[in-house]
Amino acid sequence: MNYNLLFNEYIEYKPFIKWVGGKRGLLNQILPYFPKDFHNYFEPFLGGGAVFFELYSRGLLKDKKVYLFDINSELINTYHVVKNSPNELIYNLEHFKKQHSKDFYYQIRELDRSENYNNLSDIEKATRFIYLNKTCFNGLYRVNKKGYFNTPMGSYKNPNIVDKETILNASEALQDVIILNQSFEKILDYTDENDLVYFDPPYYPLNDTSNFTSYDSNVFLEEAQFKLFELFKTLSERKVKVIESNSDTEFIKNLYKTYDINIVNANRFINSKKNGRGKINEVLIRSQKW
């Protein structure tokens with residue numbers, strides 16, 4: 001845990017965005033499976049970064065290099081802005097909060113259809129990203145085949161558009177972190193023996209109604225899952241410590257059957273059918289026991 005020793009004040013480091021499949025509600029279940037001894041830390045499917053922020057809060061990343069990857073360029077740009085320009089970002093979000101309405105939401109959502117979108121500054125794009133994340137349906141990042149954000153507005157009475165404390169604390173946690181807009185396969189260029197890698201990919205769907213595997217404008221089904229498995233295997237053979245979260249399906253359990261598979265319980269909030277929501281099992285796979 002991180003404390004301000006001068007004032008004996010606890011500082012909470014946590015995600016500054018909502019993310020489907022985020023691990024904040026599972027931290028107490030999955031972190032006991034993490035090794036206590038490792039060199040550098042890698043998180044190639046960053047999303048909301050709940051595991052990174054919790055490891056940082058617990059002091060487990062002190063004096064270690066940290067690499068955070070994601071293929072989603074909008075997300076990675078937002079992390080860079082939070083790291084380097086948090087106060088400017090907060091100022092812009094305050095402005096968006098004052099204008100928030102249904103019409104304003106869809107006006108902002110439509111910006112990426114404009115030819116002028118690429119002329120927006122990194123801070124303006126990050127402001128849009130966080131605003132949409134905090135006001136869209138369930139924080140669901142979804143794009144169409146053209147790569148345009150298309151999640152409808154959520155029905156929130158008072159969305160937390162400007163979470164100033166969380167953004168400033170996240171900025172502090174990210175200061176010495178290497179943030180990369182790269183695909184998960186690139187991790188082979190950076191890792192070494194005894195490093196720790198945590199994979200939290202788009203899950204293999206439990207059924208047709210749970211197929212929320214669109215990641216950026218790509219799809220993460222069998223071919224991508226096999227590619228991830230081969231990477232998991234290669235890293236393990238290089239004596240890198242690897243942990244992966246995924247869905248509790250026969251496909252995934254058969255794929256990783258030679259590794260250490262553990263079951264954790266999660267809450268699922270997004271499904272097209274109400275009876276598809278609630279408690280479900282996930283798997284936590286380790287390259288070895290430690």
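None of these values were measured; they are calculated from a predicted model. Worth knowing before you read on, the calculation uses all heavy atoms, side chains too, and leaves out hydrogens, waters and symmetry mates.
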Ignoring hydrogens and geometry, is there a side-chain-to-backbone donor-acceptor pair from [X] to [Y] under 3.5 Å?
| X | Y | result |
| --- | --- | --- |
| Asn133 | Phe129 | no |
| Thr151 | Leu140 | yes |
| Ser236 | Phe232 | no |
| Asp260 | Lys289 | no |
| Arg109 | Asn150 | yes |
| Gln29 | Leu26 | no |
| Asp122 | Val81 | no |
| Arg24 | Pro15 | no |
| Tyr203 | Asp248 | no |
| Ser171 | Ile167 | no |

Run the ring-centre check on [X] versus [Y] and record whether the distance is less than 6.0 Å.
| X | Y | result |
| --- | --- | --- |
| Phe69 | Phe199 | no |
| Tyr198 | Phe52 | no |
| Phe104 | Tyr131 | yes |
| Tyr79 | Phe16 | yes |

State plainly whether one hydrophobic cluster holds both [X] and [Y], where clusters connect Ile, Leu, Val, Met, Phe, Trp and Tyr through side-chain heavy atoms under 4.5 angstrom apart.
| X | Y | answer |
| --- | --- | --- |
| Val240 | Leu188 | yes |
| Tyr190 | Ile178 | yes |
| Ile261 | Val197 | yes |
| Leu111 | Tyr106 | yes |
| Ile123 | Tyr117 | yes |

Check the orientation of Tyr67 and Phe42. Use parallel for under 30°, tilted for 30 to 60°, and perpendicular for over 60°.
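Parallel.
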
Is the Trp19 ring parallel, tilted or perpendicular to the Tyr141 ring (thresholds 30°, 60°)?
parallel

Rounded at 0.5 Å granularity, tell me how far [atom1] in [X] sits from [atom2] in [Y].
| X | Y | atom1 | atom2 | result |
| --- | --- | --- | --- | --- |
| Lys83 | Glu172 | NZ | CD | 13.5 Å |
| Ile30 | Ile243 | CD1 | CD1 | 8.0 Å |
| Lys186 | Thr191 | NZ | OG1 | 13.0 Å |

Are the side chains of [X] and [Y] in touch, meaning some heavy atoms are under 4.5 Å apart?
| X | Y | result |
| --- | --- | --- |
| Lys134 | His100 | no |
| Asn160 | Thr166 | no |
| Asp163 | Leu93 | no |
| Thr127 | Leu89 | yes |

Relative to Tyr56, does Lys64 satisfy both conditions: NZ or CZ under 6.0 angstrom from the six-membered ring centre, and within 45 degrees of the ring's axis?
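No, Lys64 does not lie over the aromatic ring of Tyr56.
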
What I want to check is whether the side chains of [X] and [Y] have a donor and an acceptor closer together than 3.5 Å.
| X | Y | value |
| --- | --- | --- |
| Lys239 | Asn194 | no |
| Asn181 | Asp70 | no |
| Asn246 | Gln225 | yes |

Full working for side-chain hydrogen bond (donor to acceptor under 3.5 Å, both in side chains) between Glu244 and Tyr256
CA-CA 10 Å; Glu244 178 182 332; Tyr256 291 89; 2.7 Å; yes

Member of Thr78, Asp112, Asn77, Ile130 meeting the side chain to side chain contact (heavy atoms under 4.5 Å, CB included) criterion with Lys125
Asn77

Passing option when Asn40 is tested against Leu61, Asp195, Asp192 for side chain to side chain contact (heavy atoms under 4.5 Å, CB included)
Asp195

Ion pair present between Glu250 and Lys253, side-chain N to carboxylate O less than 4.0 angstrom?
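So Glu250 pairs with Lys253 through a salt bridge.
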
Any Lys/Arg nitrogen of Glu54 or Arg58 sitting under 4.0 Å from an Asp/Glu carboxylate oxygen of the other?
yes

